[in-house]
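Below is one structure, written out as structure tokens; the observations come after it.
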Amino acid sequence: MTITQEPAARPKQAKPWWKRPWVAPLGFVVAVFLVYSLPPYLGLDVTKSRVPPPPGVGWYYPMLVTHIGFASIAMVTCALQIWPWLRQRHPVAHRRIGRIYVFGGVLPAGIAAVVIASAMPIGPVAAVSNVIFALLWLFFTFQGYRAARARRFGDHRRWMIRSFALTMSIITNRIWAVIWGMVLAPQLETTFGGSEAALGFSIAGITTWIGWTLPLLIAEFWLTERGKGRKRVRTPAAN
């Protein structure tokens, strides 16, 4: 008797980039953000810093530049890492870029963020937010890296989606700063008694908290709903 073997299932083909409508816009937004944000710091001229260093804190500006530089690497590599085509067609490149994201991006940028948060001239509310943000950023990324090393790729993906939300939250942070600046500026002479410092601290406090908590909540909602959808698909229909 002749035994015929069924042909092996073909690996899932990656969708073209144009069928992932968020890939190109994300890359464009990251590029525009970096083109706008990086130039003042490329010359290492402290007078061009968008965040003036506090008086008498000599280490602040070098640490700020360190944070900005490595955070930029994190943003670029993160955008590449979530590109489905790269993950599926070039897994070796995906792993190597992932290591750069973790050890050449998030790790040094996150540590620098914790350090400079204690001295940033933006008020205590924003400082607490920045410390919590940086610690969570480091934690999520480390958990994602651990999960990948253990070949728990489902957990790896979930942790890295959280890490992605925090990495890209700096973009929404800038948007919220403009919005809250326009909302609160007319209240300078009333609510804030003419104090520009109080106004600035309020804008920074609201902006820093909303800037990363909202993207993280959206990521958690997406992960939860996606998990529910998969469970419904896998659950057999009742007889």
Side-chain angles (χ1 to χ4, degrees), residues 17 20-54 57 60-83 86 97 100-101 104-117 119-123 125-127 129-131 133-134 136-137 141 161 163-185 196 199-216 218-219:
W17 68 267
R20 306 278 188 174
W22 49 266
V23 172
L26 175 64
F28 176 76
V29 169
V30 170
V32 170
F33 178 81
L34 293 179
V35 167
Y36 168 76
S37 301
L38 286 180
Y41 302 97
L42 296 179
L44 302 179
D45 185 353
V46 66
T47 62
K48 296 182 179 180
S49 175
R50 290 198 172 99
V51 183
V57 186
Y60 177 85
Y61 182 72
M63 192 63 67
L64 176 65
V65 173
T66 298
H67 167 71
I68 291 172
F70 285 112
S72 300
I73 294 174
M75 291 183 71
V76 173
T77 53
C78 186
L80 291 173
Q81 285 300 87
I82 67 167
W83 187 7
L86 181 67
I97 295 172
I100 297 173
Y101 173 69
V106 175
L107 180 61
I111 293 174
V114 174
V115 174
I116 64 177
M120 288 189 77
I122 56 176
V125 175
S129 172
N130 284 341
V131 169
F133 158 81
L136 287 176
W137 193 27
T141 306
I161 286 173
S163 178
F164 162 80
L166 295 188
T167 299
M168 298 300 174
S169 69
I170 186 62
I171 298 174
T172 62
N173 184 292
R174 297 295 184 268
I175 296 172
W176 284 116
V178 174
I179 293 173
W180 284 105
M182 292 189 298
V183 170
L184 296 180
E196 294 186 358
L199 172 63
F201 287 175
S202 298
I203 294 173
I206 297 172
T207 295
T208 51
W209 279 102
I210 295 180
W212 66 265
T213 56
L214 189 57
L216 184 57
I218 293 173

Verify, without hydrogens or angle tests, whether S37 (side chain) and L34 (backbone) share a donor-acceptor contact under 3.5 angstrom.
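Not confirmed, S37 side chain does not pair with L34 backbone.
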[X] side, atom [atom1]; [Y] side, atom [atom2] - distance, nearest 0.5 Å:
| X | Y | atom1 | atom2 | result |
| --- | --- | --- | --- | --- |
| L80 | I97 | CG | CD1 | 5.0 Å |
| S163 | L216 | OG | CG | 10.5 Å |
| I111 | I116 | CD1 | CD1 | 12.5 Å |
| C78 | L26 | SG | CG | 8.0 Å |

Please name all residues satisfying side chain to side chain contact (heavy atoms under 4.5 Å, CB included) with [X], sequence neighbours left out, ordered by chain then number.
| X | answer |
| --- | --- |
| A119 | P54, V57, W59, Y60 |
| A117 | N130, V131 |
| I68 | L38, Y41, L64, S72 |
| V46 | P53, Y61 |

Heavy-atom closest pair, residues [X] and [Y]:
| X | Y | answer |
| --- | --- | --- |
| F164 | Y101 | N-OH, 4.2 Å |
| M75 | M168 | O-CE, 3.4 Å |
| G211 | W176 | CA-CD1, 4.0 Å |
| S169 | P215 | CB-CG, 4.0 Å |

Would you check, one step at a time, whether the test side chain to side chain contact (heavy atoms under 4.5 Å, CB included) holds for L166 with L136?
CA-CA 8 Å; L166 295 188; L136 287 176; 4.0 Å; yes
Geometric class of the W212/F133 ring pair [parallel <30°, tilted 30-60°, perpendicular >60°]
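Taking W212 first and then F133, their aromatic rings sit tilted (interplane angle of 30° to 60°).
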Contacts under 3.5 angstrom, residues 201-210 side chains, donor-acceptor by atom type, not counting sequence neighbours:
{"unit_1": "S202", "atom_1": "OG", "unit_2": "A198", "atom_2": "O", "d": "2.9"}
{"unit_1": "T207", "atom_1": "OG1", "unit_2": "I203", "atom_2": "O", "d": "2.7"}
{"unit_1": "T208", "atom_1": "OG1", "unit_2": "A204", "atom_2": "O", "d": "2.8"}
{"unit_1": "T208", "atom_1": "OG1", "unit_2": "G205", "atom_2": "O", "d": "3.1"}
{"unit_1": "W209", "atom_1": "NE1", "unit_2": "V125", "atom_2": "O", "d": "3.2"}

Scan for side-chain hydrogen bond (donor to acceptor under 3.5 Å, both in side chains) pairs involving residues 45-54, sequence neighbours excluded, and state none if there are none.
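For residues 45-54: D45-T47.
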